[in-house]
Every structure is written in structure tokens, then in C-alpha cells.
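Computed over heavy atoms, backbone and side chain alike; hydrogens, waters and symmetry mates excluded.
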Amino acid sequence: CDSPAELQLLRDLSKDLKPALVRRAYLAAEQGRGQLLWLRPGSRLAAARPRPPYISFFEIQHAKRPYMERASAADPRWLPDASPSLTRLSAPLAELPPLYD
């Protein structure tokens, strides 16, 4: 999560969950927007270290918690072509403005 809105959404969605469970969750975008999703515990991606920052998947399977089915690690460089609505490109900044919390 990068934006303040995403961080707030993550806090709201995870307030009743254990921190260890939240660390394994992914914040859904597009059709699954506004929910936390998990990889199946026995999958190769769930065991991968370091954890893939982006996951693409085919469907959401609702069981004890919502799991991503047929998941694959996604390279962030693919996003502008694969999902333009989730990509915001701009010219590089010469200087970053200060960030205050």
C-alpha cells in the first residue's frame, strides 16, 4: 500500500484480524476492490520469499477467508499495459516534497 487512502482502507479492513494474518493478506484492486485476499497456504506463492508484491489471479474462492485462485506473481512493469486504470504515470520528480503524518 502506497497511498494514504490505501493505508486507511487496510487499517479499516484489518481491525478485527491478527497482525500475522494481515501480513499475509493482499489488498484487492478492480473487481475485488475493498477487501483483503489471501493465497492458499499450501501454494508455491504463499511459500515464496520474499513475498511477491503484486499478484494476478483468475477468481476469488470464498472459504474460511477469501482466497485467490489460479494466482501468479505479476511484475509491476506489466501494469501499464495489463491494467491502465490502476496505473498512474508521471514525469520523475526532481525533488520529493516532505511527507508529514
Side-chain angles (χ1 to χ4, degrees):
C1 297
D2 296 328
S3 74
E6 289 174 324
L7 291 172
Q8 183 60 46
L9 179 60
L10 183 59
R11 280 192 291 270
D12 292 344
L13 293 172
S14 64
K15 64 184 172 192
D16 298 329
L17 299 172
K18 295 179 182 178
L21 188 58
V22 174
R23 281 193 297 274
R24 293 190 308 261
Y26 286 87
L27 186 58
E30 291 208 2
Q31 285 82 16
R33 182 174 292 142
Q35 67 177 316
L36 295 177
L37 302 174
W38 284 266
L39 293 166
R40 291 256 176 219
S43 71
R44 287 182 163 270
L45 280 177
R49 299 295 177 258
R51 193 178 102 135
Y54 294 93
I55 300 289
S56 62
F57 59 93
F58 184 71
E59 66 182 323
I60 300 171
Q61 179 69 42
H62 294 277
K64 184 177 179 181
R65 62 183 63 93
Y67 289 108
M68 295 177 273
E69 293 292 326
R70 293 186 250 172
S72 177
D75 188 323
R77 294 174 291 186
W78 302 340
L79 288 176
D81 293 331
S83 188
S85 65
L86 296 176
T87 308
R88 192 175 332 130
L89 301 176
S90 64
L93 298 174
E95 210 175 300
L96 292 175
L99 176 65
Y100 302 102
D101 287 336

Which pairs would a plain distance check flag for residues 57-69, meaning a side-chain donor or acceptor within less than 3.5 Å of a matching protein atom at least two apart in sequence or in another chain?
unit_1, atom_1, unit_2, atom_2, d
Glu59, OE2, Arg70, NH2, 3.3
Arg65, NH1, Tyr67, OH, 3.2
Glu69, OE2, Arg40, NE, 2.9
Glu69, OE2, Arg40, NH2, 3.0

May I ask you to test the Asp12-Lys15 pair for a side-chain heavy-atom distance under 4.5 Å?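 SC-SC contact between Asp12 and Lys15 ruled out.
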Can you name the closest pair of heavy atoms from [X] and [Y] and give their distance?
X	Y	result
Ser56	Ala74	N-CB, 4.2 Å
Pro80	Pro76	CD-O, 3.8 Å
Ala73	Ile55	CA-CD1, 4.2 Å
Arg51	Tyr26	CG-OH, 3.3 Å
Ala28	Leu37	CB-CD1, 3.5 Å

**Backbone of Leu17 reached by a side-chain donor or acceptor of Ser14 within 3.5 Å** =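 It does not hold such a pair.
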Just to verify, what does Leu13 make a side-chain contact (heavy atoms from CB on, under 4.5 Å) with, not counting sequence neighbours?
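In terms of side-chain contact (heavy atoms from CB on, under 4.5 Å), with neighbours along the sequence ignored, Leu13 is linked to Leu9, Leu27, Leu36.
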